[in-house]
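Down below is the structure, laid out as structure tokens.
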Amino acid sequence: MAHEEPINYYEYLRPNKKYPNVWCSGCGIGVVMGSLIRAIDRIGLDKNDVAVVSGIGCTGRMPVYMDFNTMHTTHGRALAFATGLKISRPKLHVIVVMGDGDAMAIGGNHFLHACRRNIDMTAIVVNNWIYGMTGGQYSPTTPLNARATTAPYGNVEQAMPICEVAAAAGASYVARTTVYHATEMDKFLEAAIRKHGFSVVETVSYCHTTFGRLNKRGGVVDMMRWLKDNSVGQIAAQKLDEEEKAAKIVRGVVCDVEKPEYLDLYQQVIDRAMEAK
Amino acid sequence: MTETGSAENQAAQPVAPGTVSETPAKKKGPRGKVTVFGTWCKGCGICVAFCPTGVLSLDENGHPYVEFAEKCSACHWCDTHCPDLAIIVEPIE
């Protein structure tokens, strides 16, 4: 069971915005938004202590609806703005929501260096394998041989593994889940927000409007069912051989380690400098 | 032909949206009351396709409504997965 008492979503949504939300009917970004609201509600954070930062893209519309401190920034630079915000207001819980293009292509370098610094923020990467808002161009996470409007005969580039890149770059909490597994997503987002250090949660979603249409994957229900059938937990993934594992989405916590956090280290530098005076 | 048709209609009589039928549930266990907000729903059909007990159905316009309210086992699949946050499931005793 997800939760005992029904959560009052209206408390966390802006009343003066137009509903239903802007995303296509059945888009997984709405599921991620609901999950983020539930995670924040479960931790019991005050709305004024949370800042949600986003870049450009379908996912960039998420903070528009949520009634926290929000910032809608330029393409790919959400993490850079969020880093500045966190350093100036260290008590804020900064949550960055990005799409796969926003995080890995345009903001790829910011992503690597935010992981390397290990600053206490939460990055949620909604991976739908394509640039949905601009009409279906292939993105760094488009699977090999999948079709896109800029790759009508199939994509020849390898997909970038977001979680493995984040873990290798030095993030302290990295997890992957899908929008079908929304209860698991609640758990991972809660752990990521609680983690003292940079945490990344990759939520595998779908874009039925462009990716689904171009690759003949069917509608919303078919793509949701595909996520259910083609994702495995980590224990089940150990029993598979390499070829089978490569074809599946492996859910679970990729890394969860304790590392020195950026703002703590910076405070030590400030203290040392003050003593030297 | 007409008799069987009327019998089916009686058996599958739809319950008004948001209400709980008077007939008791066959199995014991948690039960819930499903509410769908029509103005927020875009009719993607995820809730109807994945509901494990088949509480919801699509109307002629492609929007879900609560057809068999007494079947709800309060598993919260529909309200956790609704992309439009248009469903709320309240557990009832």
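Protein chains get the first letters and strands the later ones, always in sequence-line order, with residue 1 at the start of each.
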Separation of Leu85(B) CG from Arg38(A) CZ (nearest 0.5 Å): 8.0 Å
Closest heavy-atom pair and its distance - Asp79(B), Tyr9(A): O-OH, 3.6 Å
By ring-ring contact (aromatic ring centres under 6.0 Å, His included) - contacts of His181(A) (at least two apart): none
side-chain hydrogen bond (donor to acceptor under 3.5 Å, both in side chains) partners for Asp84(B), two or more places apart: Lys42(B)
Shortest non-hydrogen contact between Val221(A) and Ala49(B), atoms and distance: CG1-CB, 3.5 Å
Contacting region of Val32(A) [heavy-atom separation from chain B under 4.5 Å]: neither
Over 12 foreign heavy atoms within 6.0 Å of CZ, Phe211(A): yes
Contact class of Met33(A) relative to chain B, heavy atoms under 4.5 angstrom: side chain
Portion of Tyr10(A) that has a non-hydrogen atom of chain B nearer than 4.5 angstrom: side chain
Among Val220(A), Ile29(A), Val31(A), the one residue meeting side-chain contact (heavy atoms from CB on, under 4.5 Å) with Pro83(B): Val31(A)
